Amino acid sequence: MNCRNEYLDILPEVREALEAGKPVVALESTIISHGMPYPQNVETALNVEKIIRESGAVPATIAIIGGRLKAGLSPEEIEYFGKKGRQIAKASRRDLAALCSRGEDGATTVTTTMIIAHMAGIQFFATGGIGGVHRGAEKTMDISADLEELAHTPVAVICAGAKAILDLGLTLEYLETRGVPVIGFGTEELPAFYSRHSGLRVDYRMDTPEEIAAAFRAQRGMGLQGGMLITNPIPEAYAMDDGVINGAIDQAVAEAEEQGIRGKEITPFLLARVAELTGGDSLASNIQLVYNNARLASRIAAAYTGMAKEEKTAEQK
Ligand code: PSU
Ligand code: MN
C-alpha cells in the first residue's frame with residue numbers, strides 16, 4: 001500500500017479495513033455522473049455501498065474532488081457527484097495529472113478507479129460494464145483505455161460484461177493479446193450487460209467466489225502484472241429481450257455516427273441514448289446488475305482476505 005502518495009485521500013473507514021485485512025470493494029464514479037440519470041444515480045450509488053456492507057465488506061467509492069484522489073466518499077460527496085452529473089469531467093488515465101494540478105473534480109472510469117484503488121491498496125472493484133473496442137474501431141481506433149488498464153494494474157474487476165454498443169468479439173481479442181484473463185461466473189458465455197448472451201466464450205468458467213479468489217491469488221503470487229476481468233451475468237429476472245435491446249443499441253450507434261460524436265463523448269452518448277430508447281426498463285436492469293456485481297465482488301474479496309489470514313496463521317505455527 002502506498003500511503004505516502006501526496007495526492008491520495010483514503011477514507012478512515014477504508015484505511016482501517018485495509019490495515020485490519022478486511023475485505024474492501026472499490027466502486028467507480030463515472031457510472032454515477034455519466035452512466036445514470038439523477039436522482040436514480042445517487043440512490044443506486046448509496047444502495048450499492050449498503051449492499052457491500054451487508055455482504056460483509058467495506059465500500060470505497062472512488063472519485064477526484066478538488067484535485068484530490070479519493071478512495072472512499074461520504075454520502076454528501078456522492079450526492080454532489082450525482083447532481084453535477086455530466087458537468088463533471090470524465091477522467092481517464094491521461095487526465096489525472098492535469099485535474100490534480102489544477103485542483104479540479106473528475107469522475108473516475110474503470111481505468112482511473114483501478115489506478116486509484118491500486119494506490120490505496122484495494123484489489124477488488126465492482127461496476128456495471130467496462131469500456132472496450134468500439135464498433136468500427138478499425139477506422140476510428142476507438143479502444144477504451146479500460147482494456148490497457150486491465151493489462152497493467154493488479155485489480156480484479158467484477159462486471160456484467162460489456163454492452164453491445166461495443167464490438168464484443170474484438171474486445172475479447174484485445175484482452176487476449178494483452179494477457180487479461182476473462183472469467184465467467186457460473187457461465188462459459190461472455191455476458192453482454194443487459195443480456196446474459198453474446199454468443200462468445202470466456203476463457204474460464206468458475207462457479208464459486210473461492211475459485212475466483214484462488215485464481216487472483218495465483219496471479220499475484222507469481223508476480224504477474226495486470227488485472228482480471230470477472231463477468232457476472234445479469235440475473236435472469238432482470239435480463240432484457242435481446243431484440244429490444246439490440247434494436248436500441250443499433251439505433252444509438254447509427255445516430256452517434258450521423259452526429260459525428262467521437263472520443264470520450266461517445267460512451268456517455270450511447271449509454272444515455274440507449275436508456276432513452278428503451279425507457280425505464282434498461283435503467284432498472286442496469287441498477288439490478290450493479291447490485292448483483294457488488295454482492296459477488298464482496299464475496300470474492302472476503303474469500304481472498306480469508307485465504308490471506310489462513311496463510312498467515314499457518315506461517316506463525
Ligand atoms: N459502460 C457502461 N456503463 C458505464 C461505462 C461504460 O455500460 O458507465 C463507463 C465506465 O466508467 C467505463 C467508461 O470505464 O464508461 C468507458 O469510457 P470510454 O469508452 O470512453 O473508455
Ligand atoms: Mn474511447
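The basis for the numbers below is simple: all heavy atoms, side chains too, and nothing from hydrogens, waters or symmetry mates. Ligands are counted one by one from 1 in listed order, and the atoms in each one are counted from 1 as well. It should be emphasised that the depicted structure is a prediction, and the values quoted were computed from it without experimental measurement.
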task = Identify, by atom number and element, the atoms of ligand 1 in contact range of K163, meaning under 4.0 Å from any of its heavy atoms.
result = 2 (C), 3 (N), 7 (O)
message = Which of the numbered atoms in ligand 1 are under 4.0 angstrom from any heavy atom belonging to H134?
response = 19 (O)
request  = Using only N, O or S atoms, tell me which atom of D142 is closest to the Mn ion (ligand 2).
outcome  = OD1
inquiry  = So is M36 touching ligand 1 or not, going by heavy atoms under 4.0 Å?
reply    = no
note = In ligand 1, the atoms that come under 4.0 Å of a heavy atom of F193 are 7 (O)
query = For ligand 1, which atoms sit closer than 4.0 Å to a heavy atom of T30?
reply = 11 (O)
query = How far is atom 1 (N) of ligand 1 from its nearest protein heavy atom, and which residue and atom is that?
reply = G129 O, 3.6 Å
query = Side chains of E189 and R201: does their closest heavy-atom pair fall under 4.5 Å?
reply = no
query = Do any nitrogen or oxygen atoms of V110 come within less than 3.5 Å of a nitrogen or oxygen of ligand 1?
reply = yes
task = Give a yes or no answer on whether the side chain of S198 reaches the backbone of L190 with a donor-acceptor pair at less than 3.5 Å.
result = yes
message = For a quick test of reading the model, state the closest non-hydrogen atom pair linking F185 to N232 and the distance between them.
response = CD2-OD1, 3.4 Å
key: Atoms in ligand 1 flagged as close to D146, the criterion being non-hydrogen separation under 4.0 Å   = 12 (C), 14 (O), 16 (C)
key: Any N or O of T267 closer than 3.5 Å to N or O of ligand 1   = yes
task = Give the residue, atom name and distance (to 0.1 Å) of the protein heavy atom nearest atom 21 (O) of ligand 1.
result = S144 OG, 2.7 Å
task = Working to the nearest 0.5 Å, report the span between CG of D146 and CD of E149.
result = 8.5 Å
ask   = How far is atom 11 (O) of ligand 1 from its nearest protein heavy atom, and which residue and atom is that?
value = E28 OE1, 2.6 Å
Protein heavy-atom partner closest to atom 4 (C) of ligand 1 - residue, atom, separation in Å = L271 CD1, 3.5 Å
query = Any donor and acceptor pair, going by atom type alone, linking the side chain of R196 with main-chain N or O of P191 inside 3.5 Å?
reply = no
task = Check each atom of ligand 1 against the heavy atoms of K90 and keep those under 4.0 Å away; list them by number with element.
result = 17 (O), 18 (P), 20 (O)
task = Using a cut-off of 6.0 Å, state whether more than 12 heavy atoms not belonging to K83 lie near its atom NZ.
result = no
query = Polar-atom distance check: T109 versus ligand 1, any N or O pair below 3.5 Å?
reply = no
task = Measure from NZ or CZ of R220 to the centre of the six-membered ring of F216 and say whether it is under 6.0 Å with the direction within 45° of the ring axis.
result = yes
Y204 vs E188 side-chain heavy atoms within contact, under 4.5 Å = no
query = Is there a side-chain contact between D105 and I64, using heavy atoms and a 4.5 Å cut-off?
reply = no
query = Does one side chain, of E43 or Y38, offer a donor that lies under 3.5 Å from an acceptor on the other?
reply = no
message = Does ligand 1 come near enough to T111 that some N or O of the ligand is less than 3.5 Å from an N or O of the residue?
response = no
